[in-house]
Amino acid sequence: MKMKPLYRIIGIFVLLLFWGGSVRSYAQELNATVNINTQQIDASLRPRFETLKQSLEEFINGQQWTGAQFSNVEKITCTFALTINEVVQSDVYKVSITVQARRPVYNSTYQTILINWRDDLVTLPYQEGENLTYNEFNLDNELIATIAYYVYLVLGLDFDSFSSMGGEQYLRKCESIVSQMQSSDSNGWKAFDSKTNRHALITALLDPNQQPFRELWYTYHRQGLDQMAQSVDKGRSQISASFEQLATVRSADAMTPLLSLFINAKLDELVNIYSEAPMSEKKSIHDKLTDLFPTYSRQLAPIKEEYKE
């Protein structure tokens, strides 16, 4: 079994010292919670989803998705929120899925958001009590494929945040799932259906021209956030420098979903990070961020207000 890289082992040690605990056993990678909202459909149909929450949590948490060892303090905290929007036909539903995941920042109790992503292009066949079994080489179940895709996306982003390009093999798993689901009649798996669907997102993450995003992801987390306990200024300067990589990504593809992936996860965090920055730095960062994300000017306004005379 593969061991995690040295940086991760060191990270566990630092976390254990900080929390004053010790962990000897190893477990699966995710600590996932599943929430299911059935308020949009007829009340008579809601009971059939009562067992789905437990089944999905057991499916996500109950198997090992990687060859790496995760201690209990390392397990990735995540939430899969499903909203059943519409009954298409018997046992087929239009669903929205919001995936959120966090990772701890070293030497602190703070957890940074890795992903906060909403997928409205999900059509799921589901029969109450059906067995959820994942076979990565033979995927023919829309529900399993969709959940597995987002599990591997979370893992890829997590590993990328600890090691430059460290999540490659897990992002390739997402690519494999998309490839296998090309024969599906459901939205989300095919090119050109949407600029932000599952196909578009994983294609962007694996696009060599957009690789600076994944380099940014490492710089932002490992060299930025993880260093802020030792030096806020040095950590923040690394984060500031990483924005040049976002500009490079936008130049490669102005419609890339990676910009949405970033701002959906990091908007509030960025406002907090720069609240204590020097005045000149606040202005520079505000200008850069509003140029990158013009539709978020209102949400970014607190940075501007901090330096406004």
Side-chain angles (χ1 to χ4, degrees), residues 7-8 10-11 14-15 18-19 76-79 98-118 154 156-164 166-167 205 210 212-250 256-309:
Y7 65 83
R8 197 111 197 189
I10 294 172
V14 171
L15 285 170
F18 182 80
W19 288 326
I76 303 167
T77 301
C78 52
T79 302
T98 300
V99 181
Q100 297 178 322
R102 297 175 180 268
R103 126 218 218 292
V105 173
Y106 288 161
N107 274 336
S108 77
T109 57
Y110 178 67
Q111 293 205 344
T112 182
I113 296 176
L114 279 174
I115 183 172
N116 180 23
W117 190 258
R118 181 181 173 93
V154 167
L157 293 173
D158 180 74
F159 275 79
D160 267 4
S161 77
F162 283 104
S163 175
S164 181
L205 282 166
Q210 299 184 61
F213 178 87
R214 294 176 63 192
E215 296 168 355
L216 164 149
W217 204 246
Y218 171 73
T219 300
Y220 183 102
H221 291 93
R222 192 69 190 96
Q223 298 179 338
L225 289 179
D226 284 346
Q227 304 305 316
M228 292 187 78
Q230 296 180 349
S231 173
V232 171
D233 290 341
K234 288 182 179 179
R236 191 176 61 239
S237 69
Q238 289 291 326
I239 291 171
S240 299
S242 72
F243 296 150
E244 297 301 326
Q245 293 164 310
L246 276 182
T248 301
V249 170
R250 187 181 65 174
T256 178
L258 299 183
L259 292 176
S260 294
L261 183 69
F262 179 83
I263 200 65
N264 289 348
K266 301 303 182 183
L267 176 60
D268 291 341
E269 185 170 84
L270 289 170
V271 173
N272 290 332
I273 286 173
Y274 290 100
S275 64
E276 301 300 325
M279 294 295 184
S280 59
E281 186 178 353
K282 290 178 182 178
K283 184 178 188 309
S284 173
I285 292 303
H286 175 266
D287 291 346
K288 284 183 180 180
L289 291 175
T290 51
D291 179 59
L292 285 165
F293 306 104
T295 60
Y296 287 85
S297 59
R298 180 180 61 81
Q299 294 92 324
L300 292 166
I303 297 176
K304 180 178 180 180
E305 291 167 359
E306 289 291 339
Y307 72 75
K308 186 176 181 180
E309 295 294 334

Taking side chain as C-beta onward, heavy atoms only, is [X] less than 4.5 Å from [Y]?
X      : Y      : result
Phe162 : His221 : no
Gln210 : Thr256 : yes
Glu276 : Val232 : no

Mind checking what makes salt bridge (Lys or Arg N to Asp or Glu O under 4.0 Å) contact with Glu215, not counting sequence neighbours? none
Arg214: partners by salt bridge (Lys or Arg N to Asp or Glu O under 4.0 Å), with sequence neighbours left out: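 Once residues adjacent in sequence are excluded, the partners of Arg214 under the salt bridge (Lys or Arg N to Asp or Glu O under 4.0 Å) criterion are Asp160, Glu168.
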Where is the tightest heavy-atom contact between [X] and [Y], given as atom of each residue plus distance?
X      : Y      : answer
Ile113 : Ala265 : CB-O, 3.6 Å
Ala229 : Asn107 : CB-CB, 3.6 Å
Ser161 : Arg103 : OG-NE, 2.9 Å
Phe243 : Leu270 : CZ-CD2, 3.6 Å
Val105 : Leu225 : CG1-O, 3.3 Å
Asp226 : Pro104 : OD1-O, 4.3 Å

List the residues meeting side chain to side chain contact (heavy atoms under 4.5 Å, CB included) with Ala277, not counting sequence neighbours, and say none if there are none. Arg236, Tyr274, Glu281, Lys282
Side chain to side chain contact (heavy atoms under 4.5 Å, CB included) filter on Ser231, not counting sequence neighbours, yields Asp233, Lys234
Measure the [atom1]-[atom2] distance between [X] and [Y] for me, rounded to the nearest 0.5 Å.
X      : Y      : atom1 : atom2 : answer
Ser284 : Leu289 : OG    : CG    : 9.0 Å
Ile285 : Ser280 : CD1   : OG    : 10.0 Å
Ser297 : His286 : OG    : NE2   : 7.5 Å
Gln227 : Thr219 : CD    : OG1   : 11.0 Å
Ile273 : Ile239 : CD1   : CD1   : 3.5 Å
Ile263 : Gln299 : CD1   : CD    : 8.5 Å

Has the side chain of Asn264 got a donor or acceptor atom that lies under 3.5 Å from a matching backbone atom of Ser260?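 It does hold such a pair.
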Mind running side chain to side chain contact (heavy atoms under 4.5 Å, CB included) on Glu269 and Thr112 for me, showing each step along the way? CA-CA 8 Å; Glu269 185 170 84; Thr112 182; 2.7 Å; yes
Apply the test side chain to side chain contact (heavy atoms under 4.5 Å, CB included) to residues Leu246 and Phe213: give CA-CA distance (whole Å), side-chain angles for both, the deciding distance (0.1 Å), then the verdict. CA-CA 6 Å; Leu246 276 182; Phe213 178 87; 4.1 Å; yes
Pairwise salt bridge (Lys or Arg N to Asp or Glu O under 4.0 Å) hits with a residue in residues 241-250, at least two apart: Glu244-Lys288, Arg250-Asp291
Show the numbers, then the answer: is there a side chain to side chain contact (heavy atoms under 4.5 Å, CB included) between Tyr106 and Arg222? CA-CA 9 Å; Tyr106 288 161; Arg222 192 69 190 96; 3.5 Å; yes
Can you name the residues that form a ring pair (Phe, Tyr, Trp, His ring centres under 6.0 Å) with Phe262, not counting sequence neighbours? Tyr220
For a side chain to side chain contact (heavy atoms under 4.5 Å, CB included) check, start with the C-alpha distance between Leu114 and Trp217, then their side-chain angles and the critical distance, and finish with the verdict. CA-CA 9 Å; Leu114 279 174; Trp217 204 246; 4.0 Å; yes
